[in-house]
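Data block below; observations after.
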Number of protein chains: 2
Amino acid sequence: METAKLDDFDRAILRELQRDGRAPVAEIAERVGLSPSPVARRLRMLEASGVIAGYTAQVDEGALGRGFSVFVSVKLDRQVDEALAKFEAAVAAFPEVVDCWLMTGARDYLLRIATAGLPEFEAFLVGRLTRAPGVASIESSIPLRRVKGGAAGLSCR
Amino acid sequence: METAKLDDFDRAILRELQRDGRAPVAEIAERVGLSPSPVARRLRMLEASGVIAGYTAQVDEGALGRGFSVFVSVKLDRQVDEALAKFEAAVAAFPEVVDCWLMTGARDYLLRIATAGLPEFEAFLVGRLTRAPGVASIESSIPLRRVKGGAAGLSCR
DNA sequence: GCTGAAACTCATACGGC
DNA sequence: GCCGTATGAGTTTCAGC
């Protein structure tokens, strides 16, 4: 897969699809100023090249019993490859972990945990996350409210 | 809008749509064990009640020139309503800010900034973010790699 | 509330420019 | 590489259970 060069039409199509991932080709075509055929062809190109990784419904986290988020930074007891791989495998298997980044600096990982509420978060923290392989210490930060985000670049204009 | 109660079929439909937001109704119907008609009706209900906030294409951040992320925590000089509102309005207008949370604790906001690279991040930081209304101090943390996430709950099983 | 069929909209392929 | 048309797939509506 090669990183294809995108022209203004491609970027316009991507913007429309970020705004509405189920938008019909005909509607996208009208908004970007093209007929449906080239839009469909560009779409297949964007999907095949990996620029569009997929499509997803933005489901309200509260409706799925995951309306309460906590940011957790994790430090491992060792930072060798195998230790990272084991911890990451554990994280991948926890549905409560909705986001996870390997960091530079004092903390090794930054995670966002989504559960139904504080009691459920506590149960996950002490029952599962602290027992994940290699975990040395954990710090939790509780957000009050999401100001922006959810879909990458959704509110960009 | 009332928080509707969801049954197992609704949750199955939501799971399918998180996995593939453009999945045809007929395909969803087959996977959840229903005929297309009730799936279409439930879908409209889920959209109308806000359980499905929308649909979006998962666009590769690198392809849009935003492949480099930095986490930034921000402290304001005051925490009264008007100060928060002004800062949040500024944040909403910055396309580089892809995620923003109002936090409890020592720092007021946690942001994820996405730019093309470190020089572009520096330009955004000193030229725009530090000049946003009310900003007192900023701390940056640079991630090495995203381990999990992107679409809420995508890797949940 | 689900099923199945009919009407309609939308997506894909092809010929022409 | 785009436009316009034709064909087939997918969506939506409605009668019946």
Side-chain angles (χ1 to χ4, degrees), chain A residues 1-60 62-65 150-154 157, chain B residues 1-60 62-65 150-154 157:
Chain A
M1 159 199 156
E2 189 63 19
T3 303
K5 281 181 66 177
L6 306 179
D7 64 13
D8 288 343
F9 284 125
D10 291 322
R11 277 186 287 270
I13 291 170
L14 290 174
R15 196 169 54 235
E16 291 303 321
L17 281 173
Q18 284 192 318
R19 202 183 49 82
D20 178 7
R22 291 203 95 157
V25 172
E27 184 187 320
I28 301 171
E30 190 181 358
R31 284 172 172 270
V32 306
L34 246 53
S35 67
S37 317
V39 172
R41 186 162 37 77
R42 284 162 181 267
L43 244 173
R44 280 193 298 275
M45 181 274 289
L46 292 168
E47 290 166 354
S49 67
V51 172
I52 297 178
Y55 301 90
T56 189
Q58 302 165 274
V59 179
D60 181 64
L64 292 174
L154 192 75
R157 34 154 312 164
Chain B
M1 158 200 156
E2 189 62 21
T3 303
K5 281 181 68 176
L6 306 179
D7 64 13
D8 289 341
F9 284 125
D10 291 322
R11 276 186 288 271
I13 291 169
L14 290 174
R15 195 170 54 234
E16 291 303 319
L17 281 172
Q18 283 191 319
R19 203 182 48 83
D20 178 9
R22 291 201 90 152
V25 172
E27 184 187 320
I28 301 171
E30 190 180 358
R31 284 172 172 270
V32 305
L34 246 55
S35 66
S37 315
V39 172
R41 188 162 35 77
R42 283 161 181 269
L43 245 172
R44 280 193 299 275
M45 182 273 289
L46 292 168
E47 290 166 355
S49 67
V51 172
I52 297 178
Y55 301 89
T56 189
Q58 303 165 275
V59 179
D60 181 66
L64 291 174
L154 194 75
R157 36 156 311 174

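Since we're looking at a predicted model, the values are computed, not measured. What's counted below: heavy atoms across the whole structure, side chains too, no hydrogens, waters or symmetry copies. Proteins come first, then strands; the chains are lettered A, B, ... in the order of their sequence lines, and each starts at number 1.
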Rounded to the nearest angstrom, tell me the gap between atom [atom1] in [X] and atom [atom2] in [N].
{"X": "A:Asp10", "N": "D:dC2", "atom1": "CG", "atom2": "C1'", "value": "14 Å"}
{"X": "B:Ile13", "N": "C:dG1", "atom1": "CD1", "atom2": "C1'", "value": "13 Å"}
{"X": "A:Arg42", "N": "D:dC3", "atom1": "CZ", "atom2": "P", "value": "10 Å"}
{"X": "B:Tyr55", "N": "D:dT11", "atom1": "OH", "atom2": "C1'", "value": "13 Å"}
{"X": "A:Arg22", "N": "D:dT12", "atom1": "CZ", "atom2": "C1'", "value": "13 Å"}
{"X": "A:Leu43", "N": "D:dG1", "atom1": "CG", "atom2": "P", "value": "16 Å"}
{"X": "B:Asp8", "N": "C:dG1", "atom1": "CG", "atom2": "C1'", "value": "16 Å"}
{"X": "A:Glu47", "N": "C:dT12", "atom1": "CD", "atom2": "C1'", "value": "13 Å"}

- Message: To check you understand the geometry: which heavy-atom pair defines the closest contact between A:Ala63 and B:Val51, and what is its length?
- Response: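 Scanning both residues completely, I find the closest heavy atoms to be CB-CG1, 3.7 Å.
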- Query: Does A:Ile13 offer a backbone N or O that forms a donor-acceptor pair with the side chain of A:Arg31 under 3.5 Å?
  - Reply: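 No, because the side chain of A:Arg31 does not come within donor-acceptor range (under 3.5 Å) of the backbone of A:Ile13.
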- Task: State, with a plain yes or no, whether a side-chain heavy atom of B:Ile28 is found less than 4.5 Å away from one of B:Arg42.
- Result: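 Contact flag for B:Ile28/B:Arg42 side chains = no.
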- Lys/Arg-Asp/Glu bridge criterion (N-O < 4.0 Å) met for B:Glu47, B:Arg44: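 Looking at B:Arg44 together with B:Glu47, the answer is no, because their closest N to O distance does not fall below 4.0 Å.
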So if I take every side-chain heavy atom of [X] and compare against [options], which nucleotide ends up nearest?
{"X": "A:Arg41", "options": "D:dT11, C:dC2, D:dC2", "value": "D:dC2"}
{"X": "A:Leu34", "options": "C:dA11, D:dC2, D:dC14", "value": "D:dC2"}
{"X": "A:Pro38", "options": "D:dC3, C:dA11, D:dT11", "value": "D:dC3"}
{"X": "A:Ser37", "options": "C:dC2, D:dG4, D:dT11", "value": "D:dG4"}

- Task: Kindly check if the number of other-residue, nucleotide or ligand heavy atoms within 6.0 Å of CD (B:Glu30) is above 12?
- Result: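 No, not enclosed.
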- Tell me what A:Pro24 touches on the nucleic acid: a base, only sugar-phosphate, or nothing, going by heavy atoms under 4.0 Å.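 A:Pro24: backbone/sugar contact only, no base atoms under 4.0 Å.
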- Query: Is B:Arg44 near enough to D:dT13 that one of its side-chain N or O atoms lies under 4.0 angstrom from OP1 or OP2?
  - Reply: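 Checking D:dT13 against B:Arg44, a side-chain N or O does come within under 4.0 Å of OP1 or OP2.
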